[in-house]
Amino acid sequence: MSLALNRFFFLSIILSTASLTLWKSSEYNLEQYQAFEWYFGGSMVLHTLLSFLIGFFAASIFVTQSDEPRDPLGIRWLFFLLLLVSGEEFSQLFIANRSFSLSDLTLNWVGLTSGYFVRKLILVFTQR
């Protein structure tokens with residue numbers, strides 16, 4: 001997959017995730033949002049799926065950006081993404097209609113990390 005296509009999918013997933021977060025926070029048509037979550041298997045599955053996709057597409061983008069011999073896997077970028085995801089989850093402590101959930105944070109980390117390393121494995125095996 002080309003770098004431009006990976007960037008497009010990465011930005012699409014990021015924008016979709018941000019818009020879903022804003023939709024849920026606004027409580028506008030909350031029943032429809034909950035039906036949307038239920039369609040994907042619930043809130044936890046949706047958290048994991050979106051985080052997995054972010055990590056998956058980020059791996060191919062950040063590896064090409066990180067050609068340093070000290071960081072061949074782009075781990076610094078992965079830590080940056082984990083920090084961003086954690087910040088988003090902790091920000092829910094200060095939003096009136098939301099609540100912080102350690103399980104959501106854990107699922108975000110698991111999804112992001114597994115998506116990142118699944119893509120790394122695919123890249124390693126396709127380059128041979």
Side-chain angles (χ1 to χ4, degrees):
M1 197 177 321
S2 73
L3 183 60
L5 198 54
N6 278 320
R7 286 180 178 161
F8 171 76
F9 284 129
F10 178 73
L11 290 175
S12 298
I13 297 297
I14 292 289
L15 290 174
S16 298
T17 303
S19 62
L20 287 171
T21 299
L22 291 173
W23 182 14
K24 189 173 185 178
S25 296
S26 71
E27 290 191 353
Y28 175 74
N29 208 353
L30 188 59
E31 295 81 24
Q32 187 174 6
Y33 178 82
Q34 290 171 338
F36 176 79
E37 271 187 348
W38 179 82
Y39 179 76
F40 282 99
S43 174
M44 294 186 167
V45 173
L46 192 60
H47 272 270
T48 309
L49 176 66
L50 290 173
S51 296
F52 180 88
L53 291 173
I54 289 170
F56 185 83
F57 289 112
S60 54
I61 294 170
F62 294 154
V63 169
T64 58
Q65 303 292 326
S66 173
D67 290 332
E68 282 191 41
R70 294 179 307 185
D71 190 17
L73 294 176
I75 296 298
R76 289 180 297 170
W77 288 107
L78 177 62
F79 285 134
F80 174 73
L81 284 174
L82 290 172
L83 184 66
L84 232 83
V85 166
S86 300
E88 190 277 329
E89 191 65 38
F90 279 110
S91 73
Q92 294 180 14
L93 289 169
F94 308 105
I95 299 174
N97 301 331
R98 303 295 300 270
S99 62
F100 171 78
S101 170
L102 191 59
S103 64
D104 286 349
L105 180 64
T106 304
L107 289 173
N108 285 338
W109 277 41
V110 166
L112 194 64
T113 307
S114 60
Y116 192 86
F117 286 113
V118 163
R119 180 65 175 168
K120 299 299 260 171
L121 285 173
I122 290 171
L123 290 173
V124 166
F125 287 122
T126 57
Q127 290 176 352
R128 289 184 180 189

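As the structure is a computational prediction, the values presented were derived from the model and not from experiment.
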Hydrophobic cluster identity match, [X] and [Y], side-chain contacts under 4.5 Å:
| X | Y | value |
| --- | --- | --- |
| Leu53 | Ile61 | yes |
| Leu22 | Ile95 | no |
| Met44 | Leu30 | no |
| Leu46 | Leu102 | yes |
| Tyr39 | Ile13 | yes |

Across all chains, not counting sequence neighbours, the ring-ring contact (aromatic ring centres under 6.0 Å, His included) partners of Phe100 are Phe90
Residues at least two apart in sequence or cross-chain that pass ring-ring contact (aromatic ring centres under 6.0 Å, His included) with Phe80, listed by chain then number, are none
Practice item. Any chance you could lay out the side chain to side chain contact (heavy atoms under 4.5 Å, CB included) test for Leu121 and Phe125, step after step, and finish with the verdict? Key: CA-CA 6 Å; Leu121 285 173; Phe125 287 122; 4.3 Å; yes
Kindly give the heavy-atom pair with the smallest separation between [X] and [Y], and that separation in Å.
| X | Y | result |
| --- | --- | --- |
| Trp23 | Tyr28 | NE1-O, 2.7 Å |
| Thr21 | Arg98 | O-NH1, 3.3 Å |
| Leu81 | Ala58 | CD1-CB, 3.5 Å |
| Ser60 | Leu3 | O-CD1, 4.2 Å |
| Lys120 | Ala59 | CD-CB, 3.9 Å |
| Leu20 | Leu50 | CD1-CD1, 4.0 Å |

[X] side-chain N/O to [Y] backbone N/O, donor-acceptor pair under 3.5 Å:
| X | Y | answer |
| --- | --- | --- |
| Ser51 | Thr48 | no |
| Ser114 | Gly111 | yes |
| Ser91 | Glu88 | yes |

Verify side chain to side chain contact (heavy atoms under 4.5 Å, CB included) between Leu84 and Glu89, making sure each step is shown before the conclusion. CA-CA 9 Å; Leu84 232 83; Glu89 191 65 38; over 6 Å; no
With rounding to the nearest 0.5 Å, note down the distance linking [atom1] in [X] to [atom2] in [Y].
| X | Y | atom1 | atom2 | result |
| --- | --- | --- | --- | --- |
| Asn108 | Ser86 | CG | OG | 8.0 Å |
| Leu5 | Phe10 | CG | CZ | 14.0 Å |
| Ser25 | Tyr33 | OG | OH | 8.5 Å |
| His47 | Asp104 | NE2 | CG | 3.5 Å |
| Leu112 | Ile54 | CG | CD1 | 7.0 Å |

>> Determine whether Phe56 and Ile122 satisfy the following criterion, side chain to side chain contact (heavy atoms under 4.5 Å, CB included), listing intermediate values before the conclusion.
In response: CA-CA 10 Å; Phe56 185 83; Ile122 290 171; 3.8 Å; yes
>> Would you call the rings of Phe36 and Phe40 parallel, tilted or perpendicular, taking 30° and 60° as the class edges?
In response: perpendicular
Query raised in the report: Got Arg119 and Asn6 here, is their nearest side-chain heavy-atom distance under 4.5 Å?
Result: yes
Side chains of Leu78 and Phe117, heavy atoms from C-beta outward: is any pair under 4.5 Å?
yes
Listing request: all salt bridge (Lys or Arg N to Asp or Glu O under 4.0 Å) pairs with a residue in residues 15-38, at least two apart in sequence or in separate chains.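 Found Lys24-Glu37.
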